[in-house]
Amino acid sequence: MTSQPFASNPSTTAFDSLAEPVRKWIWTQKWAQLRDVQTQAIPKILEGGDVIVSARTAAGKTEAAFLPLITRVLARGDDRPTGFDILYVAPLKALINDQHRRLEGLLEECGLPLHKWHGDVSSDAKQRARTRPSGVILITPESLEATLVRRGREVEGLFSNLSAVVIDELHAFVGRERGMQLQSILTRIEIACRRDRIDRIGLSATLGDMGMAADFLRPGRGQNVSLVEGSDAGNGLKLQVRGYAKQLAPPPEDGEAAPSARPSIVHDAIADDLFAYLRGHTNLMFAGSRQKVEAYTDALREKCEANGLPNEFFAHHGNLSKGEREDVELRLRDDPRPTTAVATTTLELGIDVGDVETVAQIGPGFSVSSLRQRLGRSGRRAGTPAVFRMFVVEPGLHAGVHPTERLRLDLVQGIAMVEAMLKGLCEPPDSAGLHLSTLVHQTLALLLQSGSLRPGVAYRVLCEAGPFQTVSRDMYALLLRSMASSEHQLIEMSSDGNLMLAAGGEALSAGHEFYAVFETPVDYRVLHGAHNLGALPMDHVVAEGQTIIFAGRRWRVMTVDDKARVILVQPTKAALLPTFGGNGGAIHDLVVEQMRLLLSGTNVPVYLNGTARLMLEDARAAFLELGLDRRGLIQVGRDVYVYPWAGSKRLGTLSVAFLAQKFVVAAGHHHLEIENCAPEAVDAALRALIVAPFHTAEELAALVAKPEMAKFDSFLSLELLNQVTIAERLDVPSLPYIAQRCFTPAAVTG
DNA sequence: GACCTGCTGCGGCGTG
């Protein structure tokens with residue numbers, strides 16, 4: 001090919017602005033032209049400043065950032081000072097390995113070193129990178145934290161000449177403890193290197209709110225962040241939402257047939273349809289929970305066997321070993337044999353599994369943003385649309401189903417998720433959090449990095465320049481006091497007024513488990529001979545001789561070693577499903593509002609199958625029969641059901657408000673059941689709430705159990721834990737609005 | 001009614 005692919009093309013100017021070795025590398029890739037997102041991002045990033053690059057999966061975001069950044073580095077010349085030039089942070093080790101593979105050729109062409117740095121990289125390789133820091137470093141937040149904490153004096157030499165920081169999968173960090181830690185680390189680096197600011201480039205496929213993402217990238221100065229949104233729309237979308245009637249009774253037990261009887265968690269008709277749709281192709285199937293992953297993988301594998309076919313269904317979730325998961329990922333990506341990975345959220349993020357034909361999902365799922373991530377896994381090959389099928393179980397259309405069950409809120413939620421996605425809606429991150437657990441961690445980390453500090457300096461670094469900007473000076477003083485209390489002794493004040501690490505803090509930060517800000521449960525390793533299958537939660541472990549389904553296969557437990565926390569297994573014929581923990585998902589207000597719109601509307605989406613359409617029509621009839629179009633209060637026997645059409649956090653807050661007034665309340669997923677009381681009493685309580693809440697936020701928080709949810713919560717005083725509850729788990733100011741919505745659901749906005 | 005993510009330094013041993 002001697003033609004000039006970039007002649008008279010809109011991307012020509014962008015291409016021409018890149019450094020010569022970068023252009024040369026692009027030529028060798030034989031790209032027809034730069035992608036839209038690259039053409040847009042190149043001038044913005046060359047200009048300097050903070051930038052967010054948002055585009056669908058596989059649209060070339062990585063190159064959109066690195067082509068101009070490398071151009072910037074090369075412009076500095078050969079005699080540039082030592083230190084890394086570009087710092088790239090990703091949430092997964094697997095992603096760092098992928099990106100290393102992807103960037104190797106480009107960096108080599110440009111004569112710049114490329115280092116990967118995470119827990120699986122040899123200390124030798126890290127040592128080499130540390131002694132001659134230069135070029136690009138790909139690292140996890142935890143490894144970065146370890147470097148700051150253990151080698152505080154080297155920070156300036158390693159990072160003071162950074163041209164930019166790249167944060168991949170930005171959405172995986174925003175609004176979470178790990179995101180707070182990353183922001184804090186970046187601020188700590190800027191301050192340690194006496195740099196006013198180092199350019200930050202955020203990459204993401206799905207962002208609910210660009211404004212909030214910008215404010216995450218640069219706390220307090222989000223308005224200065226440039227946004228680049230790729231317009232590459234993909235190849236279209238074929239989607240279907242399928243309804244299934246609940247299985248009425250478990251299959252009859254006829255003694256001998258029991259060993260092959262499928263666990264009842266599997267819906268037989270769904271399993272049959274999944275087998276018909278997925279067999280013979282390469283697909284992803286999101287089952288919703290680890291237990292369902294195991295159950296459906298087992299059922300589908302059995303169907304392959306019954307049909308005399310080699311198995312093509314494989315389990316993939318967070319309790320399976322790295323080896324088990326990598327086998328599935330490799331088979332998806334590189335093996336021509338048809339493969340369906342049955343997964344939890346493990347295959348949502350950017351690990352490279354190539355293109356898949358169909359994405360299937362059991363149940364409505366928990367968020368629109370996750371639905372978008374999943375869809376992005378399909379339809380990447382030119383000319384093929386993304387294919388998505390959702391399978392939802394609901395009560396059938398037979399007589400005798402109670403009107404409230406006829407609302408079929410799981411199916412309605414699933415359709416609402418799809419509708420929200422089609423409208424371009426997406427949950428914004430929760431920006432209300434105080435994240436005091438992580439602030440405890442960052443206070444210790446900062447002390448380890450820089451030795452002793454004045455409290456005012458710690459406050460300026462972490463809460464004024466850093467991300468903990470909702471924490472007042474007074475609250476931080478309370479937090480320091482709690483950390484220094486005789487009970488915890490994490491820190492102490494020296495005679496000259498400096499904060500120092502105390503014995504408790506030394507002990508807490510001594511091991512490698514200190515670097516991560518999230519907690520991990522203690523598990524037993526499951527071994528088949530020398531082969532590590534994965535890990536099971538401790539509460540499941542019972543007895544030798546027991547059988548389990550794990551990694552989609554059936555095993556008998558041979559020995560359990562409690563000291564070593566190891567379970568040895570052998571293959572067997574029949575087995576039961578393991579149980580995993582889990583405490584429910586939160587649904588956002590915007591999804592529940594779509595549900596209300598759907599139930600009160602008349603439009604029937606074209607993507608419903610016959611059963612789903614009939615179920616939606618019946619749900620709408622029930623909605624009107626119950627009078628829910630007029631008010632969200634209905635009498636059911638001696639109880640009153642309340643439908644405020646609000647997300648999990650606000651519904652939970654309303655439930656606490658009723659509890660505070662001595663009602664007996666049971667919380668459903670989308671409604672409250674006020675037990676044994678007259679509708680007039682509930683009516684009066686709600687009307688009173690509209691005018692003025694009876695209780696302060698502090699009084700309501702006192703009623704809520706305060707489990708230690710985050711890793712360092714145990715070091716917070718009760719007073720601080722209550723503040724966390726008020727900020728993160730309740731929405732007290734919304735009570736008048738929510739109460740009003742129970743009377744005129746459609747008329748209220750806010 | 002749920003899911004996911006991460007890891008240093010050092011002592012002790014064997015080998016070339």
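Order of the sequence lines fixes the chain letters, A, B, ..., with proteins taken first and strands second; residue numbering starts at 1 for each chain.
The residue among A:E513 and A:G365 whose nearest nucleotide of DNA chain B is located toward the 5' end is A:G365.
Base contact: A:Q413 has a heavy atom under 4.0 Å from a base atom. A:T520 comes within 4.0 angstrom of a nucleotide base, judged by non-hydrogen atoms across all strands. Among the heavy atoms of the strands lying under 4.0 Å from A:R325 are primed sugar atoms or P, OP1, OP2 only; no base atom is included. Contacts of A:G119 with the nucleic acid, taken as non-hydrogen atoms under 4.0 Å apart, involve only primed sugar atoms and P, OP1 or OP2. Across all strands, A:G363 comes closer than 4.0 Å to no nucleic acid atom at all (heavy-atom distances). As judged by a 4.0 angstrom heavy-atom cut-off over every strand, A:H670 is placed among the base-contacting residues. Within 4.0 Å (heavy atoms only), A:K126 reaches sugar-phosphate atoms of the nucleic acid but no base atom.
Between the side chains of A:Q361 and A:R374, at least one donor N or O sits under 3.5 Å from an acceptor N or O.
Atom-to-atom, CZ of A:R178 to P of B:dC3 comes out at 18 Å; the value is rounded to the nearest Å. Remark: C1' of B:dC3 and CG of A:L371 are 15 Å apart, rounded to the nearest angstrom. At whole-Å resolution of the value, CG in A:D523 and P in B:dG6 are 15 Å apart. Between A:L347 atom CG and B:dC4 atom C1' there is a gap of 12 Å when expressed in whole angstrom units. Separating the CG atom of A:N319 from the P atom of B:dG6 is a distance of 14 Å, rounded to the nearest angstrom. Remark: C1' of B:dC4 and CG of A:L92 are 8 Å apart, rounded to the nearest angstrom.
The side-chain heavy atoms of A:L536 and A:F580, taken from C-beta on, include a pair separated by under 4.5 Å.
Aromatic stacking of A:Y515 on B:dT8: not satisfied for centres closer than 5.5 Å together with planes under 30 degrees.
Taking the six-membered ring for Trp and the full ring otherwise, A:H115 and A:F84 have centroids separated by under 6.0 Å.
Salt-bridge annotation for A:D298 and A:R553: absent, with no side-chain N of the basic residue lying under 4.0 Å from a carboxylate O of the acidic one.
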